[in-house]
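Model, not experiment: these values are computed from the prediction. Values below: every heavy atom of this structure, side chains too, minus hydrogens, waters and symmetry copies.
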Amino acid sequence: MGTIALAVEEFVAADPAVVFGRFGRDSGAGWLFGAACDRVAVGEPVTLRAPIAGGPPVDVLGRISELRGPRTITITHDQPWRGRIRLRFTPAPGGTRIRLDAGIDERGLEWLMRRRGHPVRDHAVTGPRIGVLTSRSGSGGLFASAVANVATLAVEEVNAAGGVGGRPVDLLEADDATDPGTGALEALRLARAGCRTIFLMTTSATYHAVSTALTGREVLVVHTNMNEGGGESRLRIRLGERPASQLAAAAGPVMRAAGGRRWFLAGNDYVWPRAVNAVAREVLPAHGAVLVGEGYAALGARDFAPLVERIAASGADVVLNTFVGADAAAFERQCHAMGLRDRTISLGPAMDEATLERVGLRAAGGIHGVSGYFQHLQTERNGTLLERYRARFGQWAPPLSSLSESMFEAIHVWAVAARRVRSTEPVPVADEIRSGRYDLPRGTLALDGRHHVEQPLHLAAARGATFGSMDDSEGRS
């Protein structure tokens with residue numbers, strides 16, 4: 001199947017040069033396809049809400065890859081599928097007509113059909129099949145493009161090395177839409193399609209929903225990204241960082257950077273943020289912190305003003321940001337816009353390179369993250385991974401982070417374990433994974449057979465649109 005071309009138009013009562021220069025601003029008004037970006041420049045991250053194929057608007061995440069002002073803007077995007085969008089600004093009576101030209105490839109068409117409830121037949125295979133479930137849409141969607149890229153890269157590398165048992169591994173992808181119910185349904189679809197192992201880079205709420213939905217089926221579920229722990233079993237493995245270790249590693253250095261020890265806990269009102277903040281209430285005071293407040297907002301919230309005002313009134317020096325994805329970026333941008341960043345810094349256990357890009361250069365100062373992987377890590381395995389990633393997916397591909405890179409490592413760990421036991425059956429592979437030791441781009445990952453994962457932890461501070469290391473913070477989970 002080739003690419004389907006689509007076009008939609010809008011009209012704005014202003015000169016083309018004015019409309020071109022305002023691209024990405026005033027997105028709250030909904031004009032110009034809901035575009036949001038800090039400046040019109042090549043390489044700048046962009047978010048669009050495009051009315052593609054006559055249905056509800058589709059959230060598109062990409063970068064400006066070409067400019068011919070004030071006539072055209074080209075956006076190369078990976079979310080929710082890989083492609084290019086070209087915006088054309090043409091003079092029209094009384095203003096400017098903006099035409100959006102987009103192409104939908106086979107993968108994008110399948111995503112759209114499933115989103116709208118149409119059945120899509122999965123292709124037949126003869127080798128082992130694995131599933132990847134992540135958030136192509138919803139507030140968790142910032143990470144999905146890089147997750148899909150590294151999952152593809154990992155499977156290609158496994159197959160180039162002979163596959164598993166001499167047979168190539170097949171990969172199926174699914175979107176939970178950052179919704180546990182949707183995630184459970186998609187996991188059942190993957191299982192029916194023959195996936196005996198399903199990798200999740202999702203919220204904890206989706207992990208628990210999937211785990212329950214697959215009860216009684218011999219399917220291995222591997223949760224790759226940071227989580228609060230719990231819900232493990234023989235066929236349920238949770239990798240990733242744990243909040244107690246993250247906070248213990250970060251508390252002292254962050255308070256020294258802030259020059260104070262008053263903390264406010266702020267996050268989304270769902271499983272992982274509440275679990276992290278429960279841990280924070282125990283861990284942070286043990287390191288000399290004083291907790292001065294706690295507040296939450298629903299997933300998908302965009303107006304954080306009342307919460308920001310509460311934080312300002314509390315006199316906090318540090319904000320523990322347990323918002324996720326697009327919500328974390330929107331929260332940090334509003335903190336900056338309301339002047340909170342002048343008096344506080346923030347620590348985000350899930351703050352990563354993809355989120356920081358969407359925060360933007362102006363609002364990034366004072367933001368810190370703590371995780372097992374950052375793109376700047378100076379390890380030989382990470383250096384070669386980044387080279388392979390850029391060679392395969394190009395300069396405009398989204399950055400890697402602990403959240404996305406965890407999928408790459410998890411698939412390779414699964415392949416190593418399957419080769420060791422000479423089987424892709426879920427039980428022996430899970431048993432092998434759970435007591436293994438693996439040298440990976442982030443360093444050495446060690447599992448002790450009792451649902452504990454040990455790995456290096458690093459604290460990083462925002463340096464423009466990316467993270468740089470803070471030397472005194474390294475610990476282990």
Side-chain angles (χ1 to χ4, degrees), residues 204 225-230 238 240-268 271-296 307-308 310-324 328 331-332 335 340-352 355-356 364-374 377 402-403 442-443 446 448 452-463 467-477:
S204 291
N225 52 290
M226 59 186 64
N227 60 83
E228 71 286 355
R238 305 189 81 177
E241 304 88 336
R242 295 291 192 269
S245 299
Q246 290 176 281
L247 294 175
V254 166
M255 285 189 287
R256 288 193 290 274
R261 55 195 184 97
R262 295 163 61 86
W263 291 66
F264 193 104
L265 315 181
N268 286 120
V271 179
W272 182 78
R274 285 199 174 269
V276 173
N277 287 339
V279 171
R281 290 193 292 272
E282 297 181 5
V283 172
L284 292 178
H287 287 79
V290 176
L291 304 184
V292 296
E294 186 171 342
Y296 296 89
L307 181 56
V308 175
R310 282 185 58 200
I311 296 170
S314 75
D317 305 300
V318 183
V319 177
L320 181 63
N321 175 354
T322 54
F323 291 101
V324 177
F331 172 74
E332 293 289 358
C335 285
L340 187 65
R341 192 61 68 239
D342 296 337
R343 66 192 87 166
T344 68
I345 65 175
S346 73
L347 171 68
M351 180 61 67
D352 73 334
T355 308
L356 190 64
I367 294 176
H368 298 74
V370 58
S371 66
Y373 176 88
F374 287 99
L377 287 182
S402 181
L403 294 165
R442 68 179 59 205
D448 67 355
H452 176 74
V453 181
E454 184 174 343
Q455 62 180 304
L457 289 177
H458 311 276
L459 180 64
R463 305 279 188 259
F467 279 108
S469 64
M470 293 178 68
D471 294 334
D472 61 350
S473 62
E474 185 168 327
R476 295 193 70 84
S477 64

Would you compute the distance between atom [atom1] of [X] and atom [atom2] of [Y] and round it to the nearest 0.5 angstrom?
X      : Y      : atom1 : atom2 : value
Arg442 : Gln455 : CZ    : CD    : 5.0 Å
Leu284 : Leu247 : CG    : CG    : 5.0 Å
His452 : Ser245 : NE2   : OG    : 6.5 Å
Phe264 : Asn277 : CZ    : CG    : 9.5 Å

Partners meeting side-chain contact (heavy atoms from CB on, under 4.5 Å) with [X] (sequence neighbours left out):
X      : value
Asp342 : none
Val271 : Ser204, Ala205, Glu228
Arg463 : Ala461

[X] side chain to [Y] backbone, donor-acceptor under 3.5 Å:
X      : Y      : result
Gln246 : Val370 : yes
His368 : Ser346 : yes
Asn227 : Trp272 : no

Asp352: side chain to side chain donor-acceptor pair (under 3.5 Å) partners, not counting sequence neighbours:
Thr355, Ser401
Looking only at heavy atoms, what is the nearest atom pair of [X] and [Y], with distance?
X      : Y      : answer
Pro243 : Val276 : CB-CG2, 3.9 Å
Ala251 : His287 : CB-CB, 3.9 Å
Met226 : Ser371 : CE-CB, 3.9 Å
Pro253 : Leu459 : CB-CD2, 3.5 Å
Val308 : Cys335 : CG2-SG, 4.0 Å
Leu291 : Ala280 : CD1-O, 4.3 Å

Identify all side-chain donor-acceptor contacts of residues 313-323 below 3.5 Å with residues at least two apart in sequence or on another chain.
unit_1, atom_1, unit_2, atom_2, d
Ser314, OG, Ile311, O, 2.6
Ser314, OG, Ala316, N, 3.3
Asp317, OD2, Arg261, N, 3.1
Asp317, OD2, Arg262, N, 2.9
Asn321, OD1, Phe323, N, 2.8
Asn321, ND2, Glu332, OE2, 2.9
Thr322, OG1, Ala266, O, 3.1

Within residues 272-282 or reaching into it, pairs that qualify as salt bridge (Lys or Arg N to Asp or Glu O under 4.0 Å) - sequence neighbours excluded
Asp269-Arg274, Arg281-Glu294
With a 4.5 Å limit on heavy-atom distance, are the side chains of Trp263 and Val292 in contact?
no
Contact check, side chains of His458 and Phe467, non-hydrogen atoms, under 4.5 Å
no
With no hydrogens and no angle check, just 3.5 Å: does a side-chain donor-acceptor pair link Glu241 and Ser402?
yes
